[in-house]
Amino acid sequence: MLDINFIRTHKADVEYAIKSKAYKVDLDELLRLSDERKSLTQQIEQLQQSRNANSAEIKRLGGKPDPKLIETGKKIKAELSKLEDKLAKIEPAYINLLKSVPNVPEKDVPYGLSEDENEVAEIIGEPTKFDFTPKNHYELASIRDWIDKERAAKVTGARFAYIKGDLVKLQMAIINFVINSLTDQSVIKNIIDSYKLDGLSDKPFTPVLPPLMLRTEMYDAMDRLEPREDRYKIEGEELWLQGSAEHVLGSMHAGEIFEEANLPIRYLGYATSFRQEAGTYGKDMEGIIRMHQFDKLEMESFSTKETSRKEHEFFVAIQRWLLEQLELPYRVIRKCTFDIGKPDARGIDMEVWLPGQNKYRETHTADYMTDYQSRRLNTRVRRNSGELELVHTNDATAFALGRIMVAIIENYQTADNKVKIPTVLKPYLNNKEEL
RNA sequence: GGAAGCGUGGCCGAGUGGUUGAAGGCGCACGACUCGAAAUCGUGUAUGCAGAAAUGUAUCGGAGGUUCGAAUCCUCUCGCUUCCGCCA
């Protein structure tokens with residue numbers, strides 16, 4: 001949610017945000033409601049003042065209240081309730097309109113009304129070359145009996161899978177590699193230095209196993225509940241399965257006040273995420289590219305407004321570092337206004353080269369929310385000066401395990417249907433050369 | 001599933017109708033003492049909204065009600081805790 005005073009004073013920016021993200025919000029109506037609300041509130045406060053004065057007078061006179069004063073009190077009460085009813089009538093419309101305004105994109109976010117307008121910012125590495133015809137991950141995994149979707153279909157339905165055998169070991173190896181790396185201060189420092197993020201804190205991440213469900217209220221405050229058709233609701237409860245650890249990590253400190261000295265707070269969450277994938281019927285049906293359930297390592301951080309943009313770049317740097325550690329060819333995508341989310345001020349994707357599909361596919365996202373989420377979550381920081389202000393939030397994928405394993409299988413496959421193990425993962429797989 | 005209890009400031013914790021935005025403590029900030037620190041003492045220390053400010057107003061989980069007046073009484077609701085049962 002944006003601040004109403006910001007909207008009032010930066011109307012052009014907000015109009016741009018609405019248009020460039022293809023939202024529809026009646027800003028004039030919002031401002032009109034805001035004015036009406038303000039004037040009603042002022043009238044109400046004046047009445048409250050006279051009510052309080054009247055009560056104080058009765059109190060001052062002690063046990064014997066003057067009937068005249070009681071009469072005045074009753075009159076004030078009646079008027080007050082009239083105005084309060086009026087206010088209550090416009091309040092929901094006002095709040096809904098205010099909530100529907102998307103965050104304003106940063107200046108360097110390309111304008112675009114479809115994902116085709118995303119920009120390729122950089123290409124790192126070359127598409128992997130083979131002296132044989134490479135298979136896609138599912139062909140290879142089927143030969144090796146690593147993925148069983150038939151039985152999953154029987155038990156659970158489409159877009160589910162049993163992951164088996166060496167693929168399970170590979171997933172565990174990746175998880176351990178990432179957790180070991182990002183909780184190690186020297187690794188963090190190294191990333192900050194090599195990507196020239198001078199001045200940024202080298203505080204390591206705290207690993208977290210979060211709950212996988214969250215309340216409607218929290219999901220909504222994160223502004224990630226919509227579209228609900230893509231979420232799973234628990235029947236008979238005000239609970240939803242999270243679609244990303246961001247949802248449960250970002251809401252973790254709702255209503256709290258951080259001390260500036262404790263920021264940034266960096267979490268590395270590992271969680272199984274759930275998505276209905278509404279509107280993607282028939283898309284990516286082969287293999288495990290797009291599933292209702294997938295495991296993910298996710299970064300989330302809380303920082304001050306001065307450091308949050310750099311923190312966002314730091315998250316992107318970590319993503320690059322991780323992909324480079326795995327020696328995977330990838331490209332960096334600067335997402336356009338349409339493609340970054342409603343709460344996002346900026347968004348960067350990583351796409352890894354998939355030989356089996358002969359194209360780059362999204363494996364990572366980094367979202368920069370400024371104070372948009374924390375305003376509704378009411379997550380604040382007490383600055384060293386004593387001032388209170390909203391914190392800024394960032395989130396980004398470390399690895400979506402399914403897709404990164406697809407990338408490893410396809411890029412590291414051999415002619416005899418084996419998968420070479422990326423060097424950094426070998427220590428986590430008994431120093432074997434291949435799976 | 002059964003029963004009971006509890007939701008008050010950054011934290012703990014008083015407060016059952018009238019200067020209570022709220023005692024006391026912890027924490028924190030500043031000052032005194034000290035060569036310095038600890039300890040001790042003193043002072044200060046909630047947030048939102050409106051306002052240049054003075055100040056006003058609201059907020060004691062949330063919503064509604066009673067009353068001239070509600071943290072305090074009533075109703076509903078949400079959340080949490082404990083005990084018993086069941087299960088891992």
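All chains are named by letter (A, B, ...) in the order of the sequence lines, taking the proteins before the strands, and each is independently numbered beginning at 1. If you're wondering where the values come from, they're calculated on a predicted model, not measured in any experiment.
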*Asks:* Where the side chain of Arg51(A) is concerned, which of G56(B), A58(B), U47(B) is the nearest nucleotide?
*Replies:*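 Nearest listed nucleotide: A58(B).
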
*Asks:* Has the side chain of Gln49(A) got a donor or acceptor atom sitting under 3.5 Å from an opposite partner on the base of G56(B)?
*Replies:*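 Side chain to base: no pair below 3.5 Å.
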
*Asks:* Would you please test Glu298(A) and Lys296(A) for salt bridge (Lys or Arg N to Asp or Glu O under 4.0 Å) and show each step?
*Replies:* CA-CA 6 Å; Glu298(A) 182 90 356; Lys296(A) 196 151 67 85; 2.6 Å; yes

*Asks:* Looking for any heavy atom pair under 4.0 Å, which part of the strands does Arg215(A) touch: base, sugar-phosphate only, or nothing?
*Replies:*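 Sugar-phosphate contact only - Arg215(A) comes under 4.0 Å of backbone atoms but never of a base.
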
*Asks:* Return the pairing partner of G31(B) with a 3.5 Å limit on both distances, Watson-Crick or G-U wobble; otherwise return none.
*Replies:* C41(B)

*Asks:* Nearest-nucleotide wise, let me know which of Asn54(A) and Asp3(A) is further upstream toward the 5' end of RNA chain B.
*Replies:* Asp3(A)

*Asks:* Would you please classify the geometry between the His312(A) ring and the Tyr368(A) ring as parallel, tilted or perpendicular, with 30° and 60° separating the classes?
*Replies:*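 Plane angle under 30°, so parallel.
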
*Asks:* Determine the Euclidean distance between corresponding C1' atoms of A58(B) and A70(B); express it in Å to zero decimal places.
*Replies:*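 Their C1' atoms lie roughly 14 Å apart.
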
*Asks:* Who does C76(B) pair with, Watson-Crick or G-U, both distances under 3.5 Å?
*Replies:*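 Pairing partner: G62(B).
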
*Asks:* Provide the Watson-Crick or G-U wobble partner of G48(B), both distances under 3.5 Å; none if there is no partner.
*Replies:*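 By the stated definition (distances under 3.5 Å), U57(B) pairs with G48(B).
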
*Asks:* Between A46(B) and G7(B), how far is it from one P atom to the other, in whole Å?
*Replies:* 23 Å

*Asks:* Does U47(B) have OP1 or OP2 sitting under 4.0 Å from an N or O in the side chain of Arg382(A)?
*Replies:*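 So the side-chain polar atoms of Arg382(A) do come within 4.0 Å of the phosphate oxygens OP1 or OP2 of U47(B), strictly under.
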
*Asks:* Among the nucleotides G10(B), C68(B), A58(B), which one has an atom lying closest to any side-chain atom of Ile70(A)?
*Replies:*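 For the Ile70(A) side chain, the nearest candidate turns out to be C68(B).
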
*Asks:* If the C1' atom of U72(B) is compared with that of G85(B), how far apart are they to the nearest Å?
*Replies:* 37 Å

*Asks:* Taking the same atom, P, in G44(B) and in G24(B), what whole-Å distance lies between them?
*Replies:*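 Going atom to atom, P in each nucleotide, I get 11 Å.
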
*Asks:* Report the base-pairing partner of G1(B) (Watson-Crick or G-U wobble, both distances below 3.5 angstrom), or none.
*Replies:* C84(B)

*Asks:* Taking RNA chain B as the partner, which of residues 71-89 of chain A come within under 4.0 angstrom of it by heavy atom?
*Replies:*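 Heavy-atom cutoff 4.0 Å gives Gly73(A), Lys74(A), Lys77(A).
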
*Asks:* Roughly how many Å apart are C49(B) and G42(B), using the P atom of each and rounding to a whole number?
*Replies:* 36 Å

*Asks:* Rounded to the nearest Å, what distance is computed from the NZ atom of residue Lys68(A) to the P atom of nucleotide C68(B)?
*Replies:*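 Going from NZ in Lys68(A) over to P in C68(B) covers 18 Å.
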
*Asks:* C11(B) P sits how many Å from Glu259(A) CD, rounded?
*Replies:* 11 Å

*Asks:* Does U57(B) have OP1 or OP2 sitting under 4.0 Å from an N or O in the side chain of Asn52(A)?
*Replies:* yes

*Asks:* Counting only Watson-Crick pairs (N1-N3 plus N6-O4 or O6-N4) and G-U wobbles (N1-O2, O6-N3), all under 3.5 Å, who is the partner of G21(B)?
*Replies:* none

*Asks:* Side chains of Asn136(A) and Glu286(A) only: does a donor on one sit below 3.5 Å from an acceptor on the other?
*Replies:*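 A donor-acceptor contact under 3.5 Å links the two side chains.
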
*Asks:* Are the side chain of Thr397(A) and the backbone of Thr365(A) linked by a donor-acceptor contact shorter than 3.5 Å?
*Replies:* yes

*Asks:* I'd like to know if the side chain of His10(A) pairs up with that of Tyr16(A) as donor and acceptor (distance under 3.5 Å, no hydrogens or angles considered).
*Replies:* no

*Asks:* With a sphere of 6.0 Å drawn around CD of Glu115(A), does it hold more than 12 non-hydrogen atoms of other residues, nucleotides or ligands?
*Replies:* no

*Asks:* Rounded to whole Å, how long is the line connecting atom CG of Leu69(A) with atom P of U67(B)?
*Replies:*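 Checked: the CG to P distance equals 18 Å.
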
*Asks:* Using atom C1' in both nucleotides, what's the gap between U20(B) and G27(B) to the nearest angstrom?
*Replies:* 23 Å

*Asks:* Just compare U47(B), G10(B), G56(B) and give me whichever is closest to any side-chain atom of Ile257(A).
*Replies:*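 Closest nucleotide to the Ile257(A) side chain: G10(B).
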
*Asks:* Of all the nucleotides listed (A50(B), G10(B), U57(B)), which has the minimum atom distance to the side chain of Gln42(A)?
*Replies:* A50(B)

*Asks:* Once you measure the plane-to-plane angle for Phe160(A) and His292(A), does it fall in the parallel (<30°), tilted (30-60°) or perpendicular (>60°) bin?
*Replies:*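 Aromatic pair Phe160(A)/His292(A) classed tilted.
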
*Asks:* If you measure from the P atom in G31(B) to the same atom in C80(B), how many Å do you get, rounded?
*Replies:* 45 Å

*Asks:* If you assign Asn5(A) and Ala56(A) each to the RNA chain B nucleotide with the nearest heavy atom, which residue ends up on the more 5' nucleotide?
*Replies:* Ala56(A)

*Asks:* Need the pair for C26(B). Rule: Watson-Crick or G-U wobble, both distances under 3.5 Å, any strand; none if unpaired.
*Replies:*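 Partner of C26(B): G10(B).
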
*Asks:* For the side chain of Lys38(A), starting at C-beta, report the closest nucleotide among C68(B), A50(B), A58(B).
*Replies:* A50(B)

*Asks:* Within the structure shown, what part of the strands sits under 4.0 Å from Asn378(A) by heavy-atom distance: base, sugar-phosphate, or nothing?
*Replies:* nothing

*Asks:* For a 4.5 angstrom cut-off between non-hydrogen side-chain atoms, does Asp166(A) reach Lys169(A)?
*Replies:*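 When only atoms from C-beta onward are counted, Lys169(A) and Asp166(A) do touch, with a gap below 4.5 Å.
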
*Asks:* Identify which nucleotide among G69(B), G48(B), A58(B) has an atom closest to any side-chain atom of Gln48(A), counting heavy atoms from C-beta outward.
*Replies:*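 Nearest nucleotide to the side chain: A58(B).
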
*Asks:* Taking the same atom, P, in G64(B) and in G51(B), what whole-Å distance lies between them?
*Replies:*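 Roughly 25 Å separates the two P atoms.
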
*Asks:* How many whole angstroms separate atom CD of Gln46(A) from atom P of U55(B)?
*Replies:*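 That distance rounds to 18 Å.
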
*Asks:* Kindly list each side-chain donor-acceptor pair under 3.5 angstrom involving residues 146-159 of chain A, sequence neighbours excluded, with atom names and distances?
*Replies:*
| unit_1 | atom_1 | unit_2 | atom_2 | d |
| --- | --- | --- | --- | --- |
| Asp148(A) | OD1 | Glu150(A) | N | 3.2 |
| Asp148(A) | OD1 | Arg151(A) | N | 3.0 |
| Asp148(A) | OD2 | Arg151(A) | NH1 | 2.7 |
| Lys149(A) | NZ | Met285(A) | O | 2.7 |
| Lys149(A) | NZ | Gly287(A) | O | 2.7 |
| Arg159(A) | NH1 | Lys283(A) | O | 3.2 |
| Arg159(A) | NH1 | Arg290(A) | O | 3.1 |
| Arg159(A) | NH2 | Thr280(A) | O | 2.7 |
| Arg159(A) | NH2 | Thr280(A) | OG1 | 3.3 |
| Arg159(A) | NH2 | Lys283(A) | O | 3.0 |

